[in-house]
2 protein chains.
Amino acid sequence: MPAQIPKAGEPVRGSKSGKPIMVLFDLLGRRWALGIIWNLSSGPQTFRSLQSNCESVSPTVLNTRLKELRECGIVINGDSGYELTTEGKDLFVYLEPLGTWSQTWSHASNLTEQ
Amino acid sequence: MPAQIPKAGEPVRGSKSGKPIMVLFDLLGRRWALGIIWNLSSGPQTFRSLQSNCESVSPTVLNTRLKELRECGIVINGDSGYELTTEGKDLFVYLEPLGTWSQTWSHASNLTEQ
DNA sequence: AAAGTCGCTACAATAAATGTAGCAACTCAT
DNA sequence: ATGAGTTGCTACATTTATTGTAGCGACTTT
C-alpha cells in the first residue's frame, strides 16, 4: 500500500511512490519552503523576521511550512527562534550552489530585472 | 517597480524582490516542477510517459508546468518529446546530489517506507 | 498601567491542483 | 480507406492551497 501525498500541514510521509527523492521534492515543492530554508541559512530568525524576509508569505502559510519542516527534521524552533537543524544545514550545502547558478541563468534568460 | 509573482501558467518573471534565486525558487517551488526535471534527466520523454512517471500529476498541471519550464529555458519540446535544454541539464547537475542526500535523510527521519 | 512587540490563529477571498472525460490529430494494420 | 489505438492536450467541476487582513493572548519595555 503506497503512501499518500499528505495535505498541507499534515506530516510529510511520502509521495505515492515513496521514493525519498520524491518525498523531498514534495516537501520542497511547496510555496516558500525553499525560500524559508534559504533565509534560515544565515542564522536563526524569529517568526516575524522570517515573515518580512519572505516577501509576501502569510502567517498562516509560514506557520504551516515551518511545522512541516520541523516534522521533517530540517528546522527546529530553538531559543533564538527558528533555525536549521544539522540536517537542514546539510541540505543547504546542496542548495547553496543554486544561488550563483540562478544568476547566470537569469542573465541568459532575461527573467529578472537585475 | 518590483516584479510580481506570476500566476500559474503565466510567464515566470520574478518574485517580488526580483532576486534570481527567489525567481528560481518560485519556479521550482511549484508542484511537480522538480519531479519533472528529475524525470527528464534520463532522456527525452513524451507527454504521456511523463504523466505516468510523475505519479498522479494531472494533464492540466503537467501542461502548465511544462509551459513554464519551456518559457524559462529549462525544457524544450523537441522531436523526440520533451527534454532538458543545455541549461536544464546544467541545473540538474546541482539537483542530482539531492538524490543520495534524500536517502540518508529519509533513513534518519523515518519518513518513507523504504 | 499603557504601549509596544511577539508568535500565532481565524476567516473569508482568491488561486492552484486534482480527477475525469473527451476531442482532434496522427499511426497503423486490415 | 476504415476502424482501432495512441498521443498531446483542453474543459470543467471539485477539492485543496495560498493570500490578505484582523486580531488575540503572552510577554517586554516604559
Side-chain angles (χ1 to χ4, degrees), chain A residues 2-17 22-23 25-36 39-40 44-72 75-83, chain B residues 2-17 22 25-36 39-40 43-72 75-83:
Chain A
Q4 295 298 119
I5 295 181
K7 297 179 184 174
E10 291 178 358
V12 174
R13 283 188 226 287
S15 60
K16 282 188 184 168
S17 72
M22 288 303 162
V23 178
F25 284 172
D26 180 30
L27 178 69
L28 298 182
R30 297 176 179 203
R31 209 141 229 184
W32 297 114
L34 284 164
I36 289 169
N39 267 292
L40 288 180
Q45 283 190 48
T46 64
F47 189 94
R48 282 291 233 271
S49 70
L50 255 183
Q51 212 182 333
S52 55
N53 285 335
C54 286
E55 311 187 350
S56 71
V57 65
S58 72
T60 320
V61 170
L62 181 55
N63 190 41
T64 306
R65 272 317 83 85
L66 286 170
K67 184 180 168 193
E68 291 160 0
L69 290 169
R70 257 181 289 146
E71 279 163 350
C72 290
V75 160
I76 201 174
N77 194 354
D79 287 341
S80 39
Y82 289 96
E83 57 186 314
Chain B
Q4 294 298 119
I5 295 180
K7 295 181 185 174
E10 291 179 357
V12 174
R13 284 188 224 287
S15 62
K16 282 188 183 169
S17 73
M22 287 305 161
F25 283 173
D26 180 28
L27 178 68
L28 298 183
R30 296 176 180 204
R31 209 143 228 186
W32 297 114
L34 285 165
I36 289 169
N39 267 292
L40 287 180
Q45 282 190 49
T46 65
F47 189 95
R48 281 291 233 269
S49 71
L50 254 183
Q51 213 183 332
S52 55
N53 285 336
C54 286
E55 311 189 351
S56 72
V57 66
S58 72
T60 320
V61 170
L62 180 56
N63 189 41
T64 306
R65 266 327 76 87
L66 285 170
K67 184 180 169 193
E68 291 161 359
L69 290 170
R70 257 182 289 146
E71 279 164 348
C72 290
V75 160
I76 200 173
N77 194 355
D79 287 340
S80 41
Y82 289 97
E83 57 187 314

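Letters A, B, ... are given to chains in the order of the sequence lines, protein chains preceding strands, and every chain is numbered from 1. As the structure is a computational prediction, the values presented were derived from the model and not from experiment.
- Remark: C1' of dA17(D) and CG of L27(A) are 15 Å apart, rounded to the nearest angstrom.
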Strictly under 3.5 Å: I want the nitrogen or oxygen pairs between protein and nucleotides 2-4 of chain C, one per line.
none

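- Note: CG (D26(A)) to P (dA17(D)) measures 10 Å, nearest angstrom.
- Heavy atoms only, all atoms of each residue included: I36(B) and C54(B) are closest at CG1-SG, 4.2 Å.
- Between the side chain of N53(B) and the backbone N or O of S49(B) there is at least one donor-acceptor pair closer than 3.5 Å.
- Considering every non-hydrogen atom in both I76(B) and R70(B), the closest pair reads CA-CG, 4.1 Å.
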request  = Take F47(A) and L66(A) through the side-chain contact (heavy atoms from CB on, under 4.5 Å) test and state the conclusion after the steps.
outcome  = CA-CA 9 Å; F47(A) 189 94; L66(A) 286 170; 4.0 Å; yes
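- R31(A) places its CZ atom 17 Å from the P atom of dT14(C), with the value rounded to the nearest Å.
- Counting atom types as modelled, T60(B) pairs a side-chain N or O with a base atom of dA11(D) as donor and acceptor under 3.5 Å.
- Nearest heavy-atom pair, P44(B) versus S80(B), reported as atom, atom and distance to 0.1 Å: CB-O, 3.5 Å.
- At the phosphate of dA17(C), neither OP1 nor OP2 sits under 4.0 Å from any side-chain N or O atom of R30(B).
- The phosphate of dA17(D) has neither OP1 nor OP2 within less than 4.0 Å of any side-chain N or O from W32(A).
- Distance alone, capped at 3.5 Å, is enough to place a donor-acceptor pair between the N39(A) side chain and the G35(A) backbone.
- Side-chain contact between E83(B) and N77(B): absent, with no pair of heavy atoms (C-beta onward) separated by less than 4.5 Å.
- Distance CD (E55(B)) to C1' (dG19(C)): 16 Å, rounded to an integer number of Å.
- The separation between L62(A) atom CG and dA10(C) atom C1' is 16 Å, rounded to whole Å.
- Heavy atoms only, all atoms of each residue included: R31(A) and R65(A) are closest at O-NH1, 3.1 Å.
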Heteroatom pairs (N/O) under 3.5 angstrom, protein to nucleotides 7-9 of chain D:
residue	atom	partner	partner atom	Å
dG8(D)	OP1	F47(B)	N	3.0
dG8(D)	OP2	F47(B)	N	3.3
dG8(D)	OP2	R48(B)	N	2.7
dG8(D)	N7	R48(B)	NH1	2.5
dC9(D)	OP1	Y82(B)	OH	3.3
dC9(D)	OP2	Y82(B)	OH	2.5

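- Residue S58(B) holds its OG atom at 8.0 Å from CD of Q51(B), rounded to the nearest 0.5 Å.
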